[in-house]
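In the text below, chain A, chain B and the rest are named by the order of the sequence lines, each starting its count at 1.
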Amino acid sequence: MSLTPAIRVRGLVKRFGQTTVLDGIDLDAGRGEVTCLIGPSGSGKSTLLRCIAFLEEATDGFIEIDGEPLGFAAGPSGERMRLPQSAIRPVRSRVGMVFQQFNLWPHMTALGNVSEALVIVRGMKRRDAEARAMAELEKVGLSGRASHYPSELSGGQQQRVAIARALALEPRIMLFDEPTSSLDPELTGEVLNVMRDLAKTGMTMLVVTHEIGFAASVGAKIVFLDHGKLLVQGTPGEVFGKPRHPRIEQFLDTYLDRGAATLL
Amino acid sequence: MSFDLDLVLSFGPQILTALAITIALWVAGSGLGLVLGFFIAVARRYGGKPVDTLLMLPVELIRGTPFLVQIFLLYYGGPYVGLSLDKTVAGLLGLTVYGAAYYSELWRAGFDAIPKGHLEAADCVGLDRSQTMRRIILPEMTMLVLPSMVNMTILMLKETAILSIISVPELTLVVSAIGTEYYAFVESFTILALLYWGLVELCGAAGRHAERRLSKYRFSVS
Ligand SMILES: Nc1ncnc2c1ncn2[C@@H]1O[C@H](COP(=O)(O)OP(=O)(O)OP(=O)(O)O)[C@@H](O)[C@H]1O
Ligand SMILES: [Mg+2]
């Protein structure tokens, strides 16, 4: 059991028309670990995350969540078969997603955003759902802002609400796609701190980030994506330690201000 | 010739009845048009390419011709294709279809204005299509399209005056008939203008009130 990775990706290919964006990705994300996905712009990081969240359907290859196939499974003779919707939902529900643009629903308060799916999808009573939502907001330090609408919150607060919204559904795995990239620099800290706390609770996390300092200190594993291929992976020491892969060297040079300076 | 407002006002009861008919046609035509327009927009958006193309033609036809011409053709041309309608029914039908064509375009613009990420977030937390429609798309779109919907609804009121050409006993027909009969054109059309303007202001005020209530949802689309 403990040997099954939380996320297991095999031979994942994603094409948009003629463009191959993911070119045969093999990746394991260990349970209870933080895996950080880094790489230059356009290398396919978001696409990989979106395939794992099943927001995109991969063109080929397989994804397993806690050992269970997501979306597609291998048939008796190895052929790729699409699973029925009823088999996709429960696997998907183990995964929570946090977006770069927060994507809070503007017509609902913070509490509404967090409790919505508990009521509509899980069928909880509004009152119970709101109590649960309140507890999640408390964890991200925003119980005092429960009745605020997204437009009344700072970017950092909005992102923390978005994290609470995902956590309220008790996912086994949390995906983060550049959660601090659209924040002013002075607001990134509060979101990264929430993520650090979450990592300490043993949550499995797959994080696309340009915050090299965060990746090096919190990540159990660093994965470097380049042109749709997984170029290097290993512990922060292995990936960032010298001698480095020349592409990583080059990449770090461009992220000096994101905490990479300490690694150079 | 003096400005004899009292003469026209002595027809108060008839004018009020006509006003009631105008308001009824306006409210019913706008309401039905809004709903029909919504379903047209949904069908065009989610029904695939053939449905979209099929619905595009009537929508463009309605938007591309004067309401006066449409209502004339519907009422006087209808019987040639076996569609003999009472004038008020024809008026309401014409108004509804006319409104639906415009409202459907406004709804469509509303759909397009919702950031895709808001729907992906709904998908990620497990909301299905109809739940996303009810809980996310509809309310969010409503606040986006409200100002243009109010605008269109004001235009709808003014279009009801066109129904006078098929003798629907609405405000313009009744008041202008009084004017013609007693040579009191200026007086009667002044009354007409004031009544329409009053209704438009009322509608505008209601719209602004709704907008204010929704304003805290306002968000900067990122
Ligand atoms: N829906 C789509 N249709 C066509 N091409 C797409 C689509 N989504 C992504 N791409 C392309 O796939 C490539 C990888 O995109 P992706 O967003 O995964 O990169 P990324 O590594 O997340 O980059 P960034 O750091 O800029 O976010 C890009 O070249 C992009 O243009
Ligand atoms: Mg990206």
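- Note that OG1 of B/Thr132 and CH2 of A/Trp105 are 8.0 Å apart. Values are rounded to the nearest 0.5 Å.
- Of the two parts of A/Gln100, neither the backbone nor the side chain holds a non-hydrogen atom closer than 4.5 Å to a non-hydrogen atom of chain B.
- Other residues, nucleotides and ligands contribute at most 12 non-hydrogen atoms within 6.0 Å of the CZ atom of A/Arg127.
- For B/Arg129, the CZ atom is loosely surrounded, since the number of other residues' heavy atoms within 6.0 Å does not exceed 12.
- Using a 4.5 Å heavy-atom threshold, the side chains of B/Pro139 and A/Met108 count as separate.
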Below 3.5 Å, can you tabulate the donor-acceptor pairs from side chains in residues 35-45 of chain B to any protein atom, sequence neighbours excluded?
residue	atom	partner	partner atom	Å
B/Arg44	NE	B/Asp52	OD1	2.6
B/Arg44	NH1	B/Glu105	OE2	3.4
B/Arg44	NH2	B/Asp52	OD1	3.3
B/Arg45	NH1	B/Asp112	OD1	2.4

Next item on the list: Could you check A/Met97 against B/Glu120 for side chain to side chain contact (heavy atoms under 4.5 Å, CB included), going step by step and ending with a plain yes or no?
Entry: CA-CA 10 Å; A/Met97 173 90 176; B/Glu120 291 181 345; over 6 Å; no
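- For A/Leu104, the part sitting under 4.5 Å from any heavy atom of chain B is the backbone (N, CA, C, O) and nothing else.
- Heavy atoms closer than 4.5 Å to chain B are found in the side chain of A/Leu169, but not in its backbone.
- For the set B/Leu127, B/Val125, B/Ile136, the count of heavy-atom pairs under 4.5 angstrom toward chain A peaks at B/Ile136.
- Between the side chain of A/Arg92 and the backbone N or O of B/Gly126 there is no donor-acceptor pair closer than 3.5 Å.
- Every residue meeting the ring-ring contact (aromatic ring centres under 6.0 Å, His included) condition with B/Tyr102, not counting sequence neighbours, appears here in chain and number order: B/Tyr98.
- Within the 3.5 Å criterion, the main-chain N or O of B/Met141 finds no donor-acceptor partner in the side chain of A/His107.
- Ranking A/Val121, A/Leu118, A/Val95 against chain B, the residue ahead of the rest is A/Val121, based on heavy-atom pairs under 4.5 Å.
- Counting heavy-atom pairs closer than 4.5 Å to chain B, the top residue among A/Ile120, A/Asn103, A/Leu175 is A/Asn103.
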Notebook entry, point to check: Are B/Lys116 and A/Leu55 close enough, and set up right, to give a side chain to side chain contact (heavy atoms under 4.5 Å, CB included), and what steps lead you there?
Noted result: CA-CA 11 Å; B/Lys116 251 180 68 190; A/Leu55 287 169; over 6 Å; no
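- Contact of A/Arg122 with chain B is not made at all, since no heavy-atom distance falls under 4.5 Å.
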